[in-house]
There are 2 protein chains.
Amino acid sequence: MSPLPSENSVESYVEALSGARSTAEIGAKLESVLKGMGFKSFAYVHVRPPLGKKLRSFVPPGSRSGNQVHEFLSTLPGPWVDHYLSQDYGDLDPTLQAAVSRLMPFQWREIGVRNDLSNGQRKVLNEARDHGVKDGATIPIHGPDSGLSTLSIVGGGGEREFQDAYQRSYRDLVWLAINTHEAFLNLAESAPDLGRVRLTDRERDCLVWTARGKTAWEVGQILSISEETVLFHLKNVTRKLGVFSKHHAVVKAVIQGYIVP
Amino acid sequence: MSPLPSENSVESYVEALSGARSTAEIGAKLESVLKGMGFKSFAYVHVRPPLGKKLRSFVPPGSRSGNQVHEFLSTLPGPWVDHYLSQDYGDLDPTLQAAVSRLMPFQWREIGVRNDLSNGQRKVLNEARDHGVKDGATIPIHGPDSGLSTLSIVGGGGEREFQDAYQRSYRDLVWLAINTHEAFLNLAESAPDLGRVRLTDRERDCLVWTARGKTAWEVGQILSISEETVLFHLKNVTRKLGVFSKHHAVVKAVIQGYIVP
DNA sequence: CCGCAGCCCCCCCAGTTCTGGGGGGCTGTC
DNA sequence: GACAGCCCCCCAGAACTGGGGGGGCTGCGG
């Protein structure tokens with residue numbers, strides 16, 4: 001629809017995503033479209049994997065903590081990426097922390113001037129700059145099932161050029177980021193989706209209120225049924241979901257989207 | 001930038017949002033821009049309020065359970081909204097459940113044809129249709145701090161017209177929804193002290209294994225500590241998260257992304 | 001019409017687990 | 001030296017588990 005010349009590349013990227021068969025393919029496409037928008041390099045990172053989806057992850061070489069890093073795409077300078085991983089900067093990186101509590105894209109500049117950064121956080125930004133990763137912005141992508149990814153873009157020329165490119169493509173960037181995340185979700189195997197069971201309305205009622213911390217007796221009062229009946233329904237759910245207790249059932253029901261507490 | 005005639009209204013809406021001083025103001029603007037796109041009515045709902053933000057909530061009149069409902073905007077038929085609230089349909093509504101595990105907009109039609117809906121879920125869809133809320137779609141907005149909102153749009157004419165309007169404005173709808181959510185966040189007072197708490201490594205360990213259905217004794221075996229110590233840590237978490245039991249704590253920790261079970 | 005399945009409701013009980021208090025003590029780090 | 005994190009212990013009462021046993025209603029296929 002309404003393909004402006006400047007939007008052609010974005011739209012065709014999004015369309016191409018649905019046919020992507022591998023993450024590397026997504027990365028290649030992403031690189032070319034972002035280049036076209038005037039950005040030198042990028043990094044797409046899974047900060048928190050969505051519950052119930054299997055995204056590939058690995059332990060970075062030289063990591064001290066055995067902290068898992070989830071699959072990512074990046075065209076940032078190799079030495080910087082290696083350094084970042086080996087130092088577990090993921091736990092420190094102020095841009096990732098900002099992404100947790102933001103909805104809209106933000107420039108790193110905004111982070112850099114904040115005065116509540118710790119020494120370690122400032123160090124990450126400074127070392128990035130020393131590696132040529134200087135003018136940048138991050139688009140947070142809050143996905144379903146508590147998933148969180150970020151798409152960060154980095155400028156190559158001066159700050160002025162980056163500003164212009166960023167302002168010009170602000171809206172496109174959000175669209176790109178969302179669709180990239182969606183493409184990843186589609187590639188990921190959805191975990192034990194095979195075992196989708198049918199819950200009855202009453203079972204859901206009991207689960208919801210149990211998830212809100214009510215005891216069986218309280219749930220009974222709320223639903224105007226006896227405590228025993230509540231326990232009866234929860235026992236059935238426990239069996240259906242193949243878990244060990246009503247509480248385990250609640251957790252699983254939440255994760256798999258059977259209920260919205 | 002690059003304002004197509006058809007996009008003018010969307011862009012001017014987004015710009016106007018930053019000046020909005022009240023939610024009612026947002027609603028009025030939203031109504032007019034969505035009307036312009038060919039939709040009869042809409043509902044913007046906070047499914048889960050973001051941590052650390054104070055969004056207004058209330059107990060709907062006639063609610064049986066005292067369940068809290070968060071502030072929302074809606075131009076849906078009044079009788080339907082009243083009925084929905086008084087019946088606590090929020091716990092049942094399949095479109096809300098779908099929103100939890102989706103990133104991109106979806107049409108209600110897709111939900112309606114699924115065959116794993118319970119009677120109650122089907123009832124909600126049917127009753128909505130009887131109230132003239134028939135052709136619709138929902139845009140999930142996964143925000144920061146575990147916030148989740150939905151923007152649902154409803155067609156007034158036939159299914160064909162709705163389809164056309166929906167396809168035509170798919171991308172704009174996402175943009176609208178995100179910016180609306182952002183505007184709400186900006187209006188809300190931030191309540192940082194009510195926000196995220198710090199959990200220790202051991203507390204997280206205990207939570208994770210409890211979320212997997214292990215008893216305190218089993219968790220103790222796994223972590224090579226005593227059952228009492230496990231319970232001790234879980235008690236502390238329960239207090240920190242301000243909930244009623246260790247199981248409730250587990251559910252909250254999962255939803256809010258403290259642990260990945 | 002009957003049987004059967006699915007859903008919903010109620011009851012019992014011995015054994016297990018958790019709750020919500022309390023009391024310690026040992027390491028580190030700021 | 002204070003404080004955070006971790007670890008261990010005790011107890012009475014509440015809550016849950018995992019079995020079992022009943023019903024009743026609806027809707028479907030034979």
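We name chains A, B, ... by the order of the sequence lines, and we start the count at 1 in each one. Just so we're clear, the structure is a prediction, and the values are computed from it rather than from any experiment.
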Quick check: closest heavy atoms across [X] and [Y], and the distance to 0.1 Å?
| X | Y | result |
| --- | --- | --- |
| A:Lys252 | A:Val243 | CD-CG1, 3.6 Å |
| A:Cys206 | A:His233 | SG-CB, 3.9 Å |
| B:Phe106 | B:Ala98 | CZ-CB, 3.6 Å |

Problem - Protein-nucleotide distance (B:Asn119, atom CG; C:dA5, atom P), rounded to Å - result: 18 Å
Handout entry: Neighbours of DNA chain C within residues 217-227 of chain B, by heavy-atom distance under 4.0 Å
Key = none
Problem - Residue-level proximity of residues 228-239 of chain A to DNA chain C when a heavy atom falls under 4.0 Å - result: A:Glu228, A:Thr229, A:Phe232, A:His233
Completion exercise
Residues in residues 205-213 of chain A with a heavy atom under 4.0 Å of DNA chain D, by number, are none
Practice task
Compute whether any side-chain donor of one residue and acceptor of the other, for B:Gln121 and B:Gln97, lie under 3.5 angstrom apart.
Solution key: yes
Handout entry: Any side-chain donor near an acceptor of the partner, B:Arg122 and B:Asn119, under 3.5 Å
Key = no
Exercise for the section: Taking ring-ring contact (aromatic ring centres under 6.0 Å, His included) as the test, write out the residues that go with B:Tyr89, two or more places apart. Expected result: B:His83, B:Tyr84
Fill in the blank from the handout: Those residues at least two apart in sequence (or on a different chain) that pass ring-ring contact (aromatic ring centres under 6.0 Å, His included) with B:His181 are none
Fill in the blank from the handout: At a 4.0 Å cut-off to heavy atoms of chain B, the contacted part of DNA chain D spans D:dG5 to D:dC9
Please enumerate all residues that pass salt bridge (charged side-chain N to carboxylate O under 4.0 Å, His left out) together with [X], with sequence neighbours excluded.
| X | answer |
| --- | --- |
| B:Asp145 | none |
| B:Arg204 | B:Asp201 |
| B:Arg202 | B:Asp205 |

Practice task
Please report how far the helix from C:dC1-D:dG30 to C:dC30-D:dG1 bends, comparing the axis fitted to its first five pairs with the axis fitted to its last five, to the nearest 10 degrees.
Solution key: 50°
Practice task
Output all residues satisfying side chain to side chain contact (heavy atoms under 4.5 Å, CB included) with B:Lys214, sequence neighbours left out; order by chain, then residue number.
Solution key: B:Trp209, B:Glu218, B:Val219, B:Ile222
Fill in the blank from the handout: Contacts of B:Glu161 meeting side chain to side chain contact (heavy atoms under 4.5 Å, CB included) (sequence neighbours excluded), chain-then-number -> none
Exercise for the section: Tell me, yes or no, whether the heavy-atom count around B:Trp217 atom CH2, taken from other residues, nucleotides or ligands under 6.0 Å, exceeds 12. Expected result: no
Exercise for the section: Any chance you could measure B:Leu207, atom CG, to B:Lys246, atom NZ, to the nearest 0.5 Å? Expected result: 10.0 Å
Handout entry: A:His247-B:His247 aromatic ring centre distance below 6.0 Å
Key = yes
Practice task
Specify the residue among A:Lys214 and B:Thr200 whose closest nucleotide of DNA chain D lies further upstream toward the 5′ end.
Solution key: B:Thr200
